[in-house]
Amino acid sequence: MDRYDPKTIEPKWQKVWADEHTWEVSNDATGKPKTYVLEMLPYTSGEPHIGHLKNYAVGDAVAHFHRRRGEYVLHPMGYDAFGLPAENHAIKTGQQPRKSTDESIEAFGRQLRRLGVSIDWTREFGTHQPEYYRWTQWIFLRMYERGLAYRKEAAVKWCPNDQTVLANEQVIDGRCERCGHLVEIRQLEQWFFKITDYADRLLDDLETIEWPPHVVTMQRNWIGRSEGAEVVFRCEELGIDYPVFTTRPDTLFGATFFVLAPEHPDVLRLSDTPEVHEYVNRALTESAEERGDEHRQKTGVPLGRTVTNPATGEEIPMWVADYVLLEYGTGAVMGVPAHDARDFEFATQFDIEIRRVIDCGELPCTDDGPMVNSGRFDGLHNREAYEQIVDWLESDGKGRRTVSYRLRDWLLSRQRYWGCPIPIVHCEKDGLVPVPDDQLPVELPDVEDYAPKGKSPLAAAEDWVNVTCPKCGGPALRETDTMDTFVDSSWYFLRYCDPHNDQAPWDREIVKKWMPVDQYIGGVEHAILHLMYARFFVKALADMELLDVQEPFARLFTQGMITRDGAKMSKSKGNTVSPMEYVDRFGADTARCYILFIGPPSDDADWQDSGVGGVHRFLSRLWTAAAEAGETGSDPDSSGPSDLLRKAHWAIDKVTRDMQTNFGFNTAIAAVMELTNEIYRQRESAPPGDVRFAVATAGSLIFPFAPHLGAEVYEMMTGRRVWEEPWPEADPALLARDEIQLVVQVNGKLIDRLAAPSTASREELEELARGSDKLAVRLDGGEIVKTVIVPGKLVNFVVR
RNA sequence: GCCCGGGUGGCGGAACUCGGUCAGACGCGGUCGGCUUAAACCCGACUGCCCGCGAGGGCAUGUGGGUUCGAAUCCCACCCCGGGCACCA
């Protein structure tokens with residue numbers, strides 16, 4: 001072999017790692033600090049794409065770096081095998097989901113091995129395996145026992161294309177997150193997880209984790225905590241109390257009307273005129289997107305009834321209007337047109353009284369100011385009045401302080417085939433009966449026709465559906481809905497710790513040893529879905545005393561997308577890049593390095609074929625340098641450290657800092673390129689021992705990004721295995737220079753550069769700078785009025 | 001509309017935490033040279049823009065101001081791009 005040949009090198013090292021089980025870790029005590037590095041598990045729809053290459057290139061670099069810094073690293077891998085992505089892929093390719101899923105898993109396993117990713121494969125699993133989902137069901141039952149999983153009828157989001165209900169989180173701008181169809185609202189009985197019980201903790205604990213600020217913000221917004229008050233408006237005529245939620249109880253005296261959401265169950269009871277009927281029906285059939293359009297004119301119909309404003313005692317008119325949402329607050333609002341833009345618009349539209357109660361500028365205004373038209377609260381600052389009004393309402397029993405959230409409970413049931421069965425039996429006599437633990441798993445039966453049809457395809461599997469009730473022994477029916485895929489992925493990182501346990505989902509002590517995940521890596525598209533659900537699961541499981549952590553992912557890194565010619569890659573555009581094509585052509589090391597070199601990994605980046613060639617050239621040069629350095633003789637005595645030796649230590653320092661701080665892989669790789677270029681420039685002149693050291697160092701430093709070449713080069717230079725070596729340390733003595741370049745400036749403009757000893761004092765530097773012959777020319781009779789000296793850097797003469 | 005990012009050569013990007021070496025590391029692309037019968041590969045030199053034969057000079061980090069001896073870096077206003085939120089009371 002006389003040139004870099006990844007086709008030889010890569011299988012060679014992959015075989016060593018597989019034969020020697022190099023990346024496997026045990027759960028026994030080691031005395032080393034642990035690190036848990038995890039990439040988000042992939043959906044099993046087809047083959048790995050370029051995003052996966054980036055995901056694992058980043059994760060593997062992190063894992064290798066930590067290992068060589070003396071940590072014991074858990075780096076496992078598995079598959080999110082149930083759910084819409086896998087099932088839709090199966091439908092598209094006309095296969096049984098189980099078959100297409102297993103094929104996809106096979107492809108992932110094979111390709112990740114070809115990429116040389118350092119994974120402990122003994123911990124691998126798919127969430128569709130009965131050994132796994134048995135415990136998903138077990139967790140569901142624990143949730144059910146605690147009232148955290150419940151069934152109720154509600155207005156839910158329905159995707160007519162995927163023929164299933166969706167969680168709120170899966171509806172983006174009124175459309176299905178997966179297929180993009182407009183969702184409809186249906187009144188259905190469904191299963192929910194009571195994530196709302198955890199709203200405050202999900203919010204507060206964001207403080208305890210190191211996540212990208214924008215992801216934290218997204219979760220905050222999604223939880224949408226608002227503090228305010230519940231105020232009761234009474235309809236005297238019918239003797240009914242209507243509480244509303246408001247964040248502005250200080251504006252209560254300005255409430256001149258009252259609005260119910262069209263879905264509010266009392267609307268037709270209050271008024272069943274044809275106008276009201278028609279309005280309600282129209283609102284119900286409109287899509288969430290149409291209704292949510294902020295810019296359209298306000299609509300509404302009066303109900304011909306009144307409620308009493310508890311502050312003023314006045315009767316104010318009741319309306320029904322679709323700008324009020326049933327699911328937020330109480331489904332009813334007080335209308336304060338003077339101090340709320342929406343209410344102002346509505347009141348203007350329907351000629352309702354607008355009464356200012358805060359002196360805060362032009363109406364409508366939401367700013368602070370002194371109270372007016374508010375009885376005994378007049379003159380107070382509105383913030384102060386806020387407190388006093390709520391106190392007054394509380395003492396009168398007309399209201400209370402409260403908190404409202406945007407977060408809704410997680411709708412987890414799906415009317416689809418390919419998912420984890422919900423372990424519940426419907427008995428005519430006993431109602432909902434949980435399947436006993438010793439009968440788990442409730443296995444997903446094979447069915448002929450698994451196409452979505454609006455109800456679960458499992459209903460057709462009669463043998464499976466008809467069971468005896470575990471409680472009374474009478475005839476009963478299995479629950480036929482399956483679970484949302486996000487349930488499966490809400491606890492998989494726990495199972496990796498103890499993947500073969502068949503007595504429990506995990507051993508608490510073992511999980512305690514590994515959790516939390518120290519570095520989690522994945523796409524930002526899961527900012528609320530998966531990342532919120534997994535946090536909820538961990539908190540709920542911790543409350544059950546099954547876990548000792550409150551947060552699953554201590555640090556999160558969100559990678560940017562890879563585009564092609566500036567455009568998002570998609571099959572329909574035909575601009576996809578298959579990672580394996582490049583692995584075939586250039587090798588895994590080149591593909592991995594390129595995707596890290598292309599730019600900061602958190603940014604979106606554009607894939608350019610010519611750039612791949614450049615990275616391959618660099619790796620080839622490094623290999624060639626190693627091959628040639630291997631042939632050189634012994635080290636002649638040298639006087640002091642060579643420039644090449646210094647450069648090697650500079651590179652160690654640079655790469656180490658880039659790795660430790662913000663995932664600076666692009667600049668880390670650039671530093672190794674610089675070192676390699678320096679080796680080429682100096683390989684004739686530098687002492688051979690230094691050349692060998694520089695080449696070995698380059699191999700050692702490139703190892704986290706290009707493990708095969710790194711191992712090869714390091715072995716060529718030292719005969720040792722790089723992954724068994726500690727991460728190199730830069731010698732501070734070789735980082736420091738004896739001599740610095742002193743910059744001489746006049747009025748901040750550079751005029752000269754001089755060599756100066758790095759230890760020179762301010763006076764010596766000024767002396768040196770004054771001696772510059774260029775200074776005399778520049779001065780040209782001018783007068784030095786001030787001298788700025790920055791030790792180690794420059795001398796600046798201010799001249800007039 | 002509100003909240004975050006971000007605007008640097010022909011391109012991707014460095015430097016931007018702490019203001020300080022003619023801004024532009026590294027890579028792509030380009031020009032030239034070497035090797036070769038030739039091409040590819042490889043090796044080497046050059047490559048921000050403008051003027052100039054040259055020495056050299058001028059202009060340059062979205063735009064306009066400001067602070068400073070000195071600003072890509074700090075401050076203010078504006079423009080543009082990307083992302084998030086958005087009738088949540």
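This structure is a prediction, so every number in the text was calculated from the model and none was measured. Reminder, nothing fancy here: chain letters follow the sequence lines and each chain counts from 1.
- Phosphate proximity of B/rG27 to A/Asn677: present, with a side-chain N or O under 4.0 Å from OP1 or OP2.
- For A/Arg621, no side-chain nitrogen or oxygen approaches OP1 or OP2 of B/rC26 to under 4.0 Å.
- Straight-line distance between the C1' atoms of B/rA25 and B/rA72: roughly 15 Å, to the nearest whole Å.
- Between A/Phe346 and A/Phe257, the ring-plane angle classifies as parallel under the 30° and 60° cut-offs.
- Protein atom CZ of A/Arg585 is 15 Å distant from nucleotide atom C1' of B/rA40, rounded to whole Å.
- Residue-environment remark: CD (A/Glu767) stays at or below the threshold of 12 foreign heavy atoms within 6.0 Å.
- The side chain to side chain donor-acceptor pair (under 3.5 Å) search around A/Asn309 returns none, not counting sequence neighbours.
- Residues passing the side chain to side chain donor-acceptor pair (under 3.5 Å) test with A/Thr656, sequence neighbours excluded: A/Trp727.
- Out of B/rC69, B/rC26, B/rA14, the shortest distance to the side chain of A/Lys786 is found at B/rC69.
- A salt bridge links A/Glu227 with A/Arg225: the closest approach of a Lys/Arg side-chain nitrogen to an acidic carboxylate oxygen falls below 4.0 angstrom.
- Here B/rC26 is the nucleotide among B/rC26, B/rG29, B/rC41 with the atom lying nearest to any side-chain atom of A/Glu674.
- With no hydrogens or angles considered, no side-chain donor-acceptor pair links A/Tyr386 and A/Thr251 at under 3.5 Å.
- For the OP1/OP2 pair of B/rC28 and a distance below 4.0 Å, the side-chain nitrogens and oxygens of A/Arg617 include at least one atom meeting the criterion.
- For the C1' atoms, the distance linking B/rG30 with B/rG48 amounts to 14 Å, nearest Å.
- Atom CG in A/Asp658 sits roughly 14 Å away from atom C1' in B/rG13 (whole-Å rounding).
- Taking a pair to require two hydrogen-bonding distances under 3.5 Å in either a Watson-Crick or a G-U wobble arrangement, B/rG82 pairs with B/rC4.
- The interatomic distance linking A/Glu525 (CD) with B/rG83 (P) rounds to 14 Å, in whole Å.
- Of the P atoms belonging to B/rG1 and B/rC49, the separation is 39 Å, rounded to the nearest Å.
- Atom C1' of nucleotide B/rG20 and atom CZ of A/Arg762 are separated by 13 Å, given to the nearest angstrom.
- Not one side-chain nitrogen or oxygen of A/Asn666 sits closer than 4.0 Å to the OP1 or OP2 atom of B/rG27.
- B/rG7 and B/rU17 are spaced 12 Å apart, taking the P atom of each and rounding to whole Å.
- Under the 90° criterion around 0 for the glycosidic angle, B/rG83 counts as anti.
- Nucleotides B/rC76 and B/rC26, compared at atom C1', are 36 Å apart to the nearest Å.
- In this structure, A/Arg657 atom CZ and B/rC18 atom P are separated by 16 Å, rounded to whole Å.
- Within the shown strands, nothing qualifies as a pairing partner of B/rU37 under the Watson-Crick or G-U definition with both distances less than 3.5 Å.
- The A/Tyr680 side chain lies nearest to B/rC43 when the options are B/rA89, B/rC43, B/rC69.
- For the pair A/Ile528 CD1 and B/rG83 P, the interatomic distance rounds to 15 Å; values are reported in whole Å.
- Contact between the side-chain N/O atoms of A/Lys793 and the OP1/OP2 oxygens of B/rU21 is not found at any separation under 4.0 Å.
- Separating the C1' atom of B/rC18 from that of B/rC3 is a span of 28 Å, rounded to the nearest Å.
- Only the C1' atoms considered, B/rG13 is 32 Å distant from B/rC69, to the nearest whole Å.
- A/Arg770 and A/Glu766 are joined by a salt bridge, as a carboxylate oxygen and a charged side-chain nitrogen come within less than 4.0 angstrom of each other.
- Nearest nucleotide to the side chain of A/Gln745, out of B/rG20, B/rG13, B/rC43: B/rG20.
- For the pair A/Arg683 and A/Tyr680, the cation sits on the ring face: its NZ or CZ lies under 6.0 Å from the ring centre, inside 45° of the axis.
- Side-chain atoms of A/Ala670 lie closest to B/rC26 of the nucleotides B/rC69, B/rA14, B/rC26.
- The CE atom of A/Met218 sits 20 Å away from the P atom of B/rC2 (whole-angstrom rounding).
- A/Ser620 has no side-chain polar atom (N or O) that falls below the 4.0 Å cut-off from OP1 or OP2 of B/rC42.
- Checking B/rU63 for Watson-Crick or G-U wobble geometry (two distances, each under 3.5 Å) identifies B/rA77 as its partner.
- No hydrogens or angles were tested; on distance alone, nothing pairs the side chain of A/Asn221 with the base of B/rC85 as donor and acceptor under 3.5 Å.
- Between A/Gln559 atom CD and B/rG5 atom C1' the separation is 18 Å, expressed in whole Å.
- Base pairing of B/rC28 is made with B/rG10, judged by Watson-Crick or G-U wobble geometry with both donor-acceptor distances under 3.5 Å.
- In this structure, B/rA55 makes no Watson-Crick or G-U wobble pair, since no nucleotide meets both defining distances under 3.5 angstrom.
- B/rC28 and B/rG64 are spaced 35 Å apart, taking the C1' atom of each and rounding to whole Å.
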